[in-house]
Amino acid sequence: MFNTKEIEKKWQNFWDEHNTFKTDIRDFSKPKYYALDMFPYPSGVGLHAGHPEGYTATDIVCRMKRMQGFNVLHPMGFDSFGLPAEQYAIKTGNHPGKFTNDNIQTFKHQLKMLGFSYDWDLEISTCEPDYYKWTQWIFKSLYQDGLAKEVEMPVNWCEELGTVLANDEVIDGKSERGGHPVIRKNMKQWVIDMPAYAEKLLKGLETLDWPESTKEIQRNWIGKSVGAQVRFKVANTDKSFTVFTTRCDTLYGATYCVLSPEHILVDEITSENQKEQVREYKKICSSKSDLERTELSKEKTGVFTGAYGVNPINNKEIPVWISDYVLASYGTGAIMAVPAHDERDYAFAKKFGIEIIPVIEQITGEKRENEKLKNGIVAVLYDETKDKYLTINWGDLGGRLFIGGTREENETAIECAIREIKEETGYTDIEFITEILPINHHYYAYNKNIAYEINSTGLLFKLKSNIKEEQQLDEEEKNNFKIEWVDKNIIENEIKDELHITTFKNLLNPGAYTGDGKMINSEFLNGITNKTEAINKMLEYLEEKEIGKKQINYKIREWIFARQRYWGEPIPIIHYEDGSMEALDDKDLPLILPVLEDYSPNKDGSSPLNKADDWVNREYKGKKGKIETSTMPGSAGSSWYFLRYIDPHNNEFLADKELINHWMPVDLYVGGPEHAVGHLLYSRMWNNYLYDKGIVSTPEPFKKLVHQGMILGSNGIKMGKRYPEYSVNPNDIVDKYGADTLRFYEMFMGPLEADKPWSNEGVEGSRKFLERVWRLYTVENKIKDEENQNLEKIYHQTVKKVTEDYESLNFNTAISAMMIFINAVYKETVFPKSYALNFIKLLNPISPFITEELWNMMGNNDTIAYEPWPTYDENKLTDNINKIAIQVNGKLRGTMEVPTNTEKEELIRLAKKLENIEKHISGKEIVKEIVIPNRIVNIVVK
RNA sequence: GCCUGUAUGGUGGAAUUGGUAGACGCUCUGGACUCAAAAUCCAGUGUUGGAGACAACGUGUCGGUUCGAGUCCGACUACAGGCACCA
């Protein structure tokens, strides 16, 4: 048994006293490695079980890299502006800084306890004026470049929290923190222009070694869509509006337009007799919260403005409506509606009885040369009383079908269907229900040797009674076909004809056709079947006639960059009495938070900073003005902290450019996936901006990103307030088993990225392994200055496996390899000293305390941290005996051991001699023999 | 609804990318040591049948490709995460 408390204390002190992990940031002689953890918010409760997971992962890589000769930058700091400290201040009247600093001390103590090899000289804290001076400086720069601005806009206002929230802080219309309702409210707001960087942020993703899921979330959030702007004139006026569409190819199918209720043109174009309705509708919309808008999204609402827009493609006048399914904040706040090919427009048109014009026909069957064109119908007759559909079973002549027919001249689809139903089945007492969008079908009539192209209309009828007339069938038909009423699943299983089954599915589930197909009703586009071609052709036309142009839109919105709170970075802007404003000069930064008597929010929701009269009201450059009182959001300080670590004590600049150039980008960044669209997007934007300014040397800050999974309670559920009995406190584990065991266990639980349930038995197992290692070195008496051939192969394999697995962050399998090695050593009487020393190095990154102690006990005086990493010999990874699997018909029937690189023929010969193989092949014909040397033999018999 | 993942013993999880499924750990069982227990060491542990050799089955479901599929292809189911009137 080893004394964890004693050993861990000893080495914590040793590392502190010797500055073991201090990084010489100006030493450029070695290759650099920058590993970064997402720094914590120092909450009152200290580290939770999840923190050590990600932190241990980076620590392992750093410790290995140091031993491999890299100059490693591995810093830690604190994201120390935030709401809990503010709430504490409101409650107690104390300054939140004190509370925050106490918590930071607790965190630091715990982090040291866990043995992370941070260089504490590089520690930063975002709430320190030395730090936020530069946060303010970057903001100021953004402001001066027009990327940070104050605008009047609808914002996410949370009454309970008394502040504005960014889009990523609102989830399903509720605040991310606390789940309070969020409403839309017009306010003057500081924002950062994220859309200006949308394209760069999107492009940059391609260069990053990040989880695909996170990149996808960011792509989604950026939401690029390529389309066109088209200008619609308002009939009988000189006004016009512009719509955004990604499907300009469907312009001929536009049968109405919709403006968002907030669109500026609404009041101007509304006709006299629609004014009241429009006013009423606008009122309803503006009072709706985001939550209500989301919840009510199923049912479309809207009103007609009385105005008509002119479709520029054919000068057709179409009604202009307003509806809140069109968002003011996206595109132009106006759309052209193509109900035939857009689900939302379809639902709206159906509800308000607006015309639907199809311009794309769904295609079924396969197109052939020299097709003969005809118009046809497919009619489905439904008997409600029996819940069955009428089908015709043609037997060998064509299987089961609905009623089909060819339209005669001057005959409508309905007339044709009624006629065909009567002729083929005799039913006459039927009621027309619905008709679907046309389908373009291709088929080949073998009996007539003709290829057909049919424009087919699908129709649904209901049987009212069984009244029948005599069928009119020719001889061939009479003999072969049977009328059968069948239910839905028979149809789905037995009707193979693509036209008929597609018609049936569409009839049962009528709606817009959003797939690809053949253009119809579209003049110069008619007949085109390629969507891109149609879009491009239309774009060309629009641009030529100057009625529209290509346009790209992004979903990403401005980052709302102000909070009505105290505990955040003050915005370094002064508003003068004359209405102008200005950023403070560099020499007046940092703009330091004033101390207040009372930190509670004001009743009007304005920032508590309003209470600091002397601080707010001042004369600056000879003019009277007020300092901006809202503060920056939580993600401000974390958007550039990775730069400050490089040079945290620099008073001249945010960090020395030469150092940034050397150390950036971050080589490995580990943190939770919850920051996918917040921190990880904002940091990228700031870094891209600083790159454009020539301040940083790479556009992307984080080259490789890995998300650690969540550590769940032993009940498989997230640890937390809900199930405190299943929660684990790292302090308790360290107290009982030691930090080495905690680190080891969390790495052995499973893949870093996966969510994993805690297991106390698993912790015991980890501790047991460390004990086993300890015993091997202290009591077993096997370590000798001798060689042992039996261990050579497995030793080299272990070095290789562990090295590669650390590099790729597969710590669980690295540990497994070390266990296999130790198990093998236990079976031997001699553990060569060189192996013993190098094994300590392999284990050191995971469990640093015990390994430092063992290293010491093996006669070394200094830390193991910079000892050269073990290497392996490729030639010793295998010996010359291979175990070959023998299969018969792909089933394992035996194995044999043969020398490496035994010839194929020899392998087969030996394999056939095995008793069990002989049994399985005797009396059978050998069809094939597959031999993969050094792997497998497979004999195929019949 | 759309997008992205995931699915393997009693259990946490392995599997060189198409080549002996279940490494390693936990649990459980047996043995050694001990007066005894704990600790430790050794052995066994997918299911079913068999004393055993061995055989059949087995990686969410159904189908396919292949000499051979956890791995590739197609359809589906369940769970997790993200997006959700984005025109």
*Asks:* Does G13(B) have its OP1 or OP2 closer than 4.0 Å to a side-chain nitrogen or oxygen of Ser816(A)?
*Replies:* no
*Asks:* Roughly, in whole Å, what's the span from CZ in Phe748(A) to P in G25(B)?
*Replies:* 7 Å
*Asks:* Have a look at Asp755(A) and say if it touches a base, only the backbone sugar-phosphate, or nothing, with a 4.0 Å heavy-atom cut-off.
*Replies:* sugar-phosphate
*Asks:* Rounded to whole Å, please give me the gap between CE in Met710(A) and P in A80(B).
*Replies:* 12 Å
*Asks:* Which nucleotide in the set G13(B), G82(B), C41(B) lies at the smallest distance from any side-chain heavy atom of Ile217(A)?
*Replies:* G82(B)
*Asks:* Please confirm whether the backbone N or O of Lys531(A) pairs with a side-chain atom of Asp516(A), one donor and one acceptor, at under 3.5 Å?
*Replies:* no
*Asks:* For Gln229(A) and A87(B), give me the distance from atom CD to atom P, rounded to whole Å.
*Replies:* 14 Å
*Asks:* If the C1' atom of A7(B) is compared with that of U61(B), how far apart are they to the nearest Å?
*Replies:* 11 Å
*Asks:* Backbone N or O of Asp345(A) within a donor-acceptor pair of the Tyr256(A) side chain at under 3.5 Å?
*Replies:* yes
*Asks:* For G25(B) and G46(B), measure between their P atoms and round to the nearest Å.
*Replies:* 15 Å
*Asks:* What nucleotide among C83(B), U20(B), C67(B) has an atom nearest to a side-chain atom of Ala885(A)?
*Replies:* U20(B)
*Asks:* Rounding to the closest angstrom, what is the interatomic distance between A36(B) and U27(B) at atom P?
*Replies:* 24 Å
*Asks:* Considering only side-chain heavy atoms of His920(A), which listed nucleotide, G13(B), A55(B), G19(B), is closest?
*Replies:* A55(B)
*Asks:* Please check: side-chain N/O of Lys782(A) versus main-chain N/O of Leu776(A), any donor-acceptor pairing under 3.5 Å?
*Replies:* no
*Asks:* Donor-acceptor check, side chain of Arg231(A) to backbone of Gln229(A), threshold 3.5 angstrom: yes or no?
*Replies:* no
*Asks:* Separation of Glu780(A) atom CD from A39(B) atom C1', in whole Å?
*Replies:* 13 Å
*Asks:* Determine if the base of U17(B) is syn or anti; take syn to mean the glycosidic torsion is within 90° of 0.
*Replies:* syn
*Asks:* Which nucleotide in the list A87(B), U20(B), G12(B) gets nearest to the side chain of Thr895(A)?
*Replies:* U20(B)
*Asks:* Would you confirm whether Asn812(A), through its side chain, and Met749(A), through its main-chain N or O, come within 3.5 Å as a donor-acceptor pair?
*Replies:* no
*Asks:* Quick check on G19(B): is either OP1 or OP2 less than 4.0 Å from any side-chain nitrogen or oxygen of Asn938(A)?
*Replies:* no
*Asks:* Between C24(B), A87(B), C85(B), which nucleotide gets closest to the side-chain atoms of Lys300(A)?
*Replies:* C85(B)
*Asks:* Whole angstrom is fine here: how far is it from CG in Asn760(A) over to C1' in G25(B)?
*Replies:* 15 Å
*Asks:* Using only modelled atom types and a 3.5 angstrom limit, is any donor from either the side chain of Lys555(A) or the base of C83(B) paired with an acceptor on the other?
*Replies:* no
*Asks:* After noting the C-alpha distance and the side-chain angles of Trp210(A) and Gln218(A), does the key distance pass the side chain to side chain contact (heavy atoms under 4.5 Å, CB included) rule?
*Replies:* CA-CA 11 Å; Trp210(A) 281 25; Gln218(A) 293 213 344; 3.8 Å; yes
*Asks:* Under 4.0 Å, heavy atoms only, any strand: does Arg557(A) hit a base, just the sugar-phosphate, or nothing?
*Replies:* base
*Asks:* In terms of side-chain heavy atoms of Arg935(A), which of G13(B), C24(B), G19(B) is nearest?
*Replies:* G19(B)
*Asks:* Do side-chain atoms of Lys224(A) reach the backbone of Asn220(A) as a donor and acceptor pair under 3.5 angstrom?
*Replies:* no
*Asks:* For Ile820(A), which contact category applies under a 4.0 Å heavy-atom criterion: base, sugar-phosphate, or nothing?
*Replies:* sugar-phosphate
*Asks:* Think Arg893(A) has a side-chain N or O under 4.0 angstrom from the OP1 or OP2 of A56(B)?
*Replies:* yes
*Asks:* By the 4.0 Å heavy-atom rule, please label Pro211(A) as base, sugar-phosphate, or nothing.
*Replies:* nothing
*Asks:* Is Asp805(A) reaching over with its side chain to a backbone N or O of Ala814(A), donor-acceptor style, under 3.5 angstrom?
*Replies:* yes
*Asks:* Pick the nucleotide of RNA chain B nearest each of Lys928(A) and Met336(A); which residue has the one closer to the 5' end?
*Replies:* Lys928(A)
*Asks:* Among the nucleotides C26(B), C24(B), A14(B), which one has an atom lying closest to any side-chain atom of Glu761(A)?
*Replies:* C26(B)
*Asks:* Think Arg775(A) has a side-chain N or O under 4.0 angstrom from the OP1 or OP2 of C41(B)?
*Replies:* yes
*Asks:* Taking G52(B) as the reference, what is the distance to U34(B) when you measure between their P atoms (whole Å, please)?
*Replies:* 32 Å
*Asks:* Using a 4.0 Å heavy-atom cut-off across all strands, classify Asn553(A) as base, sugar-phosphate, or nothing.
*Replies:* nothing
*Asks:* Write down the distance between CD (Glu216(A)) and P (U6(B)), rounded to a whole number of angstrom.
*Replies:* 14 Å
*Asks:* Write down the distance separating the C1' atoms in U16(B) and G12(B), rounded off to the nearest Å.
*Replies:* 22 Å
*Asks:* Less than 4.0 angstrom between a side-chain N/O of Asn812(A) and OP1 or OP2 of A23(B), yes or no?
*Replies:* no
*Asks:* Taking the minimum atom-to-atom distance to the side chain of Lys891(A), which one of G12(B), A56(B), G25(B) wins?
*Replies:* A56(B)
*Asks:* Does the side chain of Tyr330(A) get closer than 4.0 angstrom to OP1 or OP2 of A87(B) through an N or O atom?
*Replies:* yes
*Asks:* For Phe769(A) and U40(B), what is the distance between atoms CZ and P respectively, to the nearest whole Å?
*Replies:* 14 Å
*Asks:* For G9(B), does the glycosidic angle fall within 90° of 0 (syn) or outside that (anti)?
*Replies:* syn
*Asks:* Does Thr246(A) reach a base, just sugar-phosphate, or nothing at all? Heavy atoms under 4.0 Å.
*Replies:* sugar-phosphate
*Asks:* Using a heavy-atom cut-off of under 4.0 Å over every strand shown, decide if Ile930(A) touches base, sugar-phosphate, or nothing.
*Replies:* base
*Asks:* Provide the distance between the two C1' atoms, one in U29(B) and one in G10(B), to the nearest whole Å.
*Replies:* 14 Å
*Asks:* Could you please name the partner base of A78(B), counting Watson-Crick and G-U wobble pairs only when both distances are under 3.5 Å?
*Replies:* U6(B)
*Asks:* C41(B) phosphate, OP1 or OP2: any side-chain N/O from Asn823(A) under 4.0 angstrom?
*Replies:* no
*Asks:* Determine the contact category for Lys768(A): base if any of its heavy atoms lies under 4.0 Å from a base atom, sugar-phosphate if only primed atoms, P, OP1 or OP2 are that close, otherwise nothing.
*Replies:* sugar-phosphate
*Asks:* Which is true for His341(A) with a 4.0 Å heavy-atom rule: it touches a base, it touches only sugar-phosphate, or it touches nothing?
*Replies:* nothing
*Asks:* Over how many whole Å does the gap from Ile936(A) atom CD1 to C67(B) atom P extend?
*Replies:* 14 Å
*Asks:* What's Lys224(A) touching, base or sugar-phosphate or nothing? Going by heavy atoms closer than 4.0 Å.
*Replies:* nothing
*Asks:* Quote, to the nearest angstrom, the P distance that separates G74(B) from A87(B).
*Replies:* 27 Å
*Asks:* Using the P atoms only, state how far G60(B) lies from C67(B), rounded to an integer number of Å.
*Replies:* 24 Å
*Asks:* Answer with yes or no whether Asn220(A) presents, from its side chain, a donor or acceptor under 3.5 Å of a partner atom in the base of C83(B).
*Replies:* no
*Asks:* For a ring pair (Phe, Tyr, Trp, His ring centres under 6.0 Å) with Tyr745(A), tell me which candidate from Phe769(A), Trp758(A), Tyr737(A) qualifies.
*Replies:* Trp758(A)
*Asks:* Counting distance only, does the side-chain N/O of Glu929(A) pair as donor-acceptor with the main-chain N or O of Asn938(A) below 3.5 Å?
*Replies:* no
*Asks:* Look at all strands and tell whether Gln887(A) reaches a base, only sugar-phosphate, or nothing, counting heavy atoms closer than 4.0 Å.
*Replies:* base
*Asks:* Does A32(B) have a Watson-Crick or wobble partner in any strand here, with both distances under 3.5 angstrom, and which is it?
*Replies:* U40(B)
*Asks:* Taking for each residue the nucleotide of RNA chain B with the nearest heavy atom, is it Glu212(A) or Ser766(A) whose nucleotide lies nearer the 5' end?
*Replies:* Glu212(A)
